[in-house]
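Taking it in order: structure first as structure tokens, then the write-up.
Chain naming here is simple, since letters A, B, ... match the order of the sequence lines and numbering starts at 1 in each. Predicted, not measured: the structure shown is a model, and the values here were computed from it.
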Protein chains: 2
Amino acid sequence: MPDTHTPQKNHLLAALSAEVQERIFPFLELAPMPLGKVLYESGAAEHHVYFPTDSIISLLYVMENGASAETAVVGDEGMVGIALFMGGESTTSRALVQSAGFAYRLPGKRFKDEVSRHGDLLFLMLRYSQALITQMAQTAVCNRHHSIDQQLCRWLLLSLDRLSVNQLVMTQELIANMLGVRREGVTDAAGRLQKEGVIEYHRGRITVLDRAKLEQLSCECYAVVKAETDRLLPRVQPGSVQ
Amino acid sequence: MPDTHTPQKNHLLAALSAEVQERIFPFLELAPMPLGKVLYESGAAEHHVYFPTDSIISLLYVMENGASAETAVVGDEGMVGIALFMGGESTTSRALVQSAGFAYRLPGKRFKDEVSRHGDLLFLMLRYSQALITQMAQTAVCNRHHSIDQQLCRWLLLSLDRLSVNQLVMTQELIANMLGVRREGVTDAAGRLQKEGVIEYHRGRITVLDRAKLEQLSCECYAVVKAETDRLLPRVQPGSVQ
DNA sequence: TTGAGTCTGTACGCTATCGAACAGATGACT
DNA sequence: AGTCATCTGTTCGATAGCGTACAGACTCAA
């Protein structure tokens, strides 16, 4: 229901000053984000930037043999397409819709123009970029040191934070692709969580029943990323960049 | 031998326009980088930025239990301290000297002033940041999918690219800390490489004998990071930002 | 209602890596 | 020359995750 969408649902857009909002908002286009849609392909020039509202976008790297691993996830707290203002125009990642919903998109050229015109906008983008960097670094650490069980908890929490409901539409196969593990590994881990009463799994629908337990079972990586994101991008009064 | 050091040995400093060089270089201080020195600690404010010449700096995350994993490595192609212009002032990583040498350092405040004054400088920093992001993302992928053998090859190549000689001063214990694996795992992998005649290991000194073979045995991750870094930061005529 | 397709659960052997313990080799220092 | 700390090599059992295979359960559409 696009009617209920407003640009302010995206935290970055909401944080912009009235002046920047006035210049940018007229060019925003509300775009549906169906599950599985590919926004960017590795190495391809990015023509738009995307500000998710209720959708979740995965940044993942696809190896030569087709296996993949998620390096970061983007929801209403962020944006997809930082390569545009970073100057690289493309990245080695694929951006994939992980949870269906909507996002506002803006032509890349206009975005770049506005970034170079407004210091505020640039500084906000930079802080967000740092939060994204933290997430990638932590993903690397997590991939090295933590069990699938812990990583599943982390991943569920990251997704949950970007949704307004406690239910995810997501098959175990897809989660496995994100985490870069086998589907069976996810089945095992999810089975254990279900037995503990933390989640309820039902054919592509996960309902989180006990978020506190989930945080407790997760590795430290979730908390580190959350704390750093909150530090770098505190929720501000809509319409100001604080 | 600091006499032979010039700021231009760092590629980023070399790429700056004459104007920016004139403003910045007087404030650069050549600082020794002894093995094991900690430049930044996780969460602590960063007071200087560092431009390595012949030293190599590891960015690594240290977990609550003390185990660690490297997320990126910085040499003469880059700088340490991007959080300063990103606006976060600190990061969740520790910056540690991985290979002794020198670096030019600049007070953080001055760096920030110059970045805000010169668009060129900012754009260069942004492109470098994107290269760093690529490296972190690829580290995450590599940690998930590749064997210790492959990762050791990748790591040796990344180090080699940042040194002017084909010898690294580095114990297996330290490499293990960087890769986030056991020391014995590194011993095994290095033993195999030695048997193949690719490297020669001798009490904290690794000599690379056959770089081509090393590249062949490495996973794709090294090539991906190298290609993207070269794309984002092509070697330019010293003194221009192209 | 029935069948096809999709999703989840389970089993099995295999391998890489871990954790712990220890032995030998080397180089630095006295 | 002898001592000691450090570095490297090796072993052993334990285990997490992989690859493969397949069965049952659910959904949707014909």
Check whether any side-chain heavy atom of [X] lies under 4.5 Å from a side-chain heavy atom of [Y], and answer yes or no.
X	Y	value
B:Glu196	B:Lys213	yes
A:Asp54	A:Asp76	no
B:Pro32	B:Phe102	yes
A:Asp161	A:Glu77	no
A:Met33	A:Pro52	no

> Between residues 173-188 of chain A and DNA chain D, which residues have a heavy-atom gap below 4.0 Å?
Replying inline: A:Val181, A:Arg182, A:Glu184
> Counting only heavy atoms not in A:Arg211, do more than 12 fall under 6.0 Å of its CZ?
Replying inline: yes
Enumerate the protein-to-nucleotides 3-5 of chain D contacts in which both atoms are nitrogen or oxygen and the separation is below 3.5 Å.
none

Would you kindly give the [atom1]-to-[atom2] distance between [X] and [N], to the nearest whole Å?
X	N	atom1	atom2	value
A:Leu152	D:dG17	CG	P	12 Å
B:Met170	D:dT8	CE	P	11 Å
B:Arg205	D:dC7	CZ	P	12 Å
B:Ile199	D:dG9	CD1	C1'	14 Å

> Start at the 5' end of DNA chain C and walk down; is the nucleotide closest to B:His146 or to A:Ala190 reached first?
Replying inline: A:Ala190
> Short question: side chain of A:Gln130, backbone of B:Ser90 - any donor-acceptor pair under 3.5 Å?
Replying inline: yes
>> If you compare all heavy atoms of B:Met170 against all heavy atoms of B:Tyr201, which two are closest, and at what distance to 0.1 Å?
In response: O-OH, 3.1 Å
>> Closest-nucleotide mapping onto DNA chain D: is B:Gln194 or B:Arg144 further toward the 5' terminus? I mean the 5' end.
In response: B:Gln194
> Can you find a side chain N or O atom of A:His202 that sits less than 4.0 Å from OP1 or OP2 on D:dA25?
Replying inline: no
> Is B:Asp149 salt-bridged to B:Arg192, going by a charged N under 4.0 Å from an acidic O?
Replying inline: yes
> Among A:Glu220, A:His145, A:Arg144, which one satisfies side-chain hydrogen bond (donor to acceptor under 3.5 Å, both in side chains) with B:Tyr61?
Replying inline: A:Glu220
>> For a 4.0 angstrom threshold against heavy atoms of chain A, report the outermost contacting nucleotides of DNA chain C in 5' to 3' order.
In response: C:dG5 to C:dT10
>> Distance check, rounded to the nearest 0.5 Å: A:Leu12 atom CG versus A:Leu233 atom CG?
In response: 6.0 Å
